[in-house]
Amino acid sequence: MAKRRVSYGKCFFCEQAFAKNAITRHLQSCPALQEFIANESGKSAQLFHLLVEGRYEPEYWLHIEIPASSTLVDLDDFLRSIWLECCGHLSQFTIDDIFYSSHPDPDDPMSAFFGQEEKSMKAKLYSILDVGDTFVHEYDFGTTTELKLKVISERKGVPLKHGVRILARNYAPVYPCVECGKPAKWFYVYEYPFEGYCDEHAEEHDEFEEGFLPVVNSPRSGECGYDGPLDDSLEFEETYSKQ
Ligand SMILES: [Zn+2]
Ligand SMILES: [Zn+2]
Ligand SMILES: [Zn+2]
């Protein structure tokens with residue numbers, strides 16, 4: 001089995017690189033973030049700090065801050081926008097063994113099988129989550145992307161206008177082109193695991209029209225028709241370089 005490399009990411013406040021296992025602690029003491037918090041002005045609210053990561057691809061991760069009064073719909077919207085959305089698939093959170101679905105169906109045979117109804121995502125975060133809780137999000141029940149989430153901490157502070165503030169995020173993993181070893185820009189998705197290709201070698205491939213998807217810094221890269229965030233401001237393709 002391949003040895004997992006240490007995953008590095010960027011603190012969006014001091015712009016420094018940190019290993020994944022060090023950045024949670026860093027965010028609790030980052031001088032730039034502390035200064036930002038000290039200078040906040042506006043109406044304050046309870047905020048949750050969440051860690052979001054690929055359940056099976058933990059090299060993709062986000063630290064975010066979201067008002068505790070947000071609903072699961074708001075959180076689902078954000079996850080779709082930054083990492084997941086391709087063609088409007090269903091999604092679901094599982095929290096304390098309860099399913100919260102984007103399209104709840106009380107007659108769903110699976111929920112009957114598990115003896116529980118699916119709830120809607122209208123629930124507010126503070127009513128179902130506490131600091132320390134972990135939970136799961138699934139997008140698309142065909143080619144599923146599973147995320148693991150954890151409530152790291154909470155604070156009183158001023159929420160971002162549009163809800164979710166990104167505190168830190170993983171640098172884009174680099175995959176080599178199978179032909180030349182240069183950083184891949186494309187995945188050939190008819191092989192599994194996907195094969196990386198640079199622009200030149202992807203364009204030369206017989207199946208370039210149908211068999212390739214762009215490499216994107218998301219745990220959904222290469223799946224279904226995924227080709228990047230819904231909003232350009234959520235793109236982040238910087239790669240790690242030793243500082
Ligand atoms: Zn920092
Ligand atoms: Zn799709
Ligand atoms: Zn190449």
Side-chain angles (χ1 to χ4, degrees), residues 7-40 49 51 61-65 76-77 79-92 102-103 137-147 152-153 155 157 165-171 174-192 194-208 210-216 218-230 236 238-240 243:
S7 166
Y8 285 87
K10 180 177 184 173
C11 168
F12 279 23
F13 288 83
C14 66
E15 311 215 317
Q16 303 289 307
F18 295 89
K20 185 185 179 190
N21 63 6
I23 200 157
T24 303
R25 207 173 36 195
H26 166 73
L27 289 170
Q28 269 140 26
S29 61
C30 169
L33 178 54
Q34 295 305 319
E35 194 187 325
F36 170 84
I37 290 172
N39 291 315
E40 274 183 329
H49 170 177
L51 167 61
W61 48 267
L62 303 165
H63 283 270
I64 59 170
E65 215 173 49
D76 182 62
D77 279 349
L79 297 173
R80 284 172 181 257
S81 308
I82 193 165
W83 262 1
L84 301 172
E85 189 62 83
C86 50
C87 16
H89 302 280
L90 307 186
S91 59
Q92 173 178 284
S102 60
H103 297 75
H137 179 268
E138 291 162 274
Y139 174 76
D140 177 8
F141 294 95
T143 46
T144 310
T145 301
E146 273 192 60
L147 306 178
I152 300 286
S153 61
R155 72 175 181 99
R165 174 181 289 132
I166 300 170
L167 305 176
R169 182 169 184 181
N170 71 281
Y171 286 109
V174 179
Y175 301 94
C177 171
V178 291
E179 300 287 343
C180 69
K182 276 197 264 182
K185 296 278 184 245
W186 300 90
F187 279 134
Y188 177 59
V189 299
Y190 292 166
E191 286 292 339
Y192 199 84
F194 307 137
E195 291 180 336
Y197 278 81
C198 68
D199 281 328
E200 187 191 336
H201 289 115
E203 281 161 27
E204 277 175 20
H205 197 286
D206 291 343
E207 290 167 304
F208 183 58
E210 67 275 14
F212 285 80
L213 284 170
V215 172
V216 180
S218 151
R220 194 157 178 76
S221 190
E223 303 288 359
C224 196
Y226 186 72
D227 66 0
L230 291 185
F236 182 65
E238 278 179 42
T239 54
Y240 174 62
Q243 291 169 330

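Ligands are counted one by one from 1 in listed order, and the atoms in each one are counted from 1 as well.
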Hey, does the side chain of Arg80 reach the backbone of Glu85 with a donor-acceptor pair shorter than 3.5 angstrom? no
Is it the case that over 12 heavy atoms from other parts of the model lie below 6.0 angstrom from the NZ atom of Lys182? no
What are the protein N/O/S atoms, named by residue and atom, that sit under 2.8 Å from the Zn ion (ligand 1)? Cys11 SG, Cys14 SG, His26 NE2, Cys30 SG
Any side-chain donor paired with an acceptor under 3.5 Å for Ser91 and Asp76? yes
Supply the atom-to-atom distance Tyr226 OH to Ser218 OG, rounded to the nearest 0.5 angstrom. 4.0 Å
Test side chain to side chain contact (heavy atoms under 4.5 Å, CB included) on Cys180 and Glu200; report intermediate values, then the result. CA-CA 10 Å; Cys180 69; Glu200 187 191 336; over 6 Å; no
Would you call the rings of Tyr188 and His205 parallel, tilted or perpendicular, taking 30° and 60° as the class edges? tilted
Looking at Glu35, I want to see if its CD is surrounded by more than 12 non-hydrogen atoms of other residues, nucleotides or ligands under 6.0 Å. no
Member of His63, Gln28, Glu65 meeting the side-chain hydrogen bond (donor to acceptor under 3.5 Å, both in side chains) criterion with His49: His63
Aromatic plane relationship, Phe208 with Phe212 - under 30° parallel, 30 to 60° tilted, over 60° perpendicular: tilted
Quick check on side-chain hydrogen bond (donor to acceptor under 3.5 Å, both in side chains): which of His137, Arg220, Glu138, His89 does Thr145 satisfy it with? Arg220
Nearest heavy-atom neighbours spanning Val216 and Gly228: CG1-CA, 3.9 Å
Do side-chain atoms of Thr144 reach the backbone of Glu146 as a donor and acceptor pair under 3.5 angstrom? no
Of the protein N/O/S atoms, how many lie under 2.8 Å from the Zn ion (ligand 2): 4
Could you name all protein N, O or S atoms found under 2.8 Å from the Zn ion (ligand 3)? Cys177 SG, Cys180 SG, Cys198 SG, His201 ND1
Could I get the full list of salt bridge (charged side-chain N to carboxylate O under 4.0 Å, His left out) partners for Glu203, not counting sequence neighbours? none
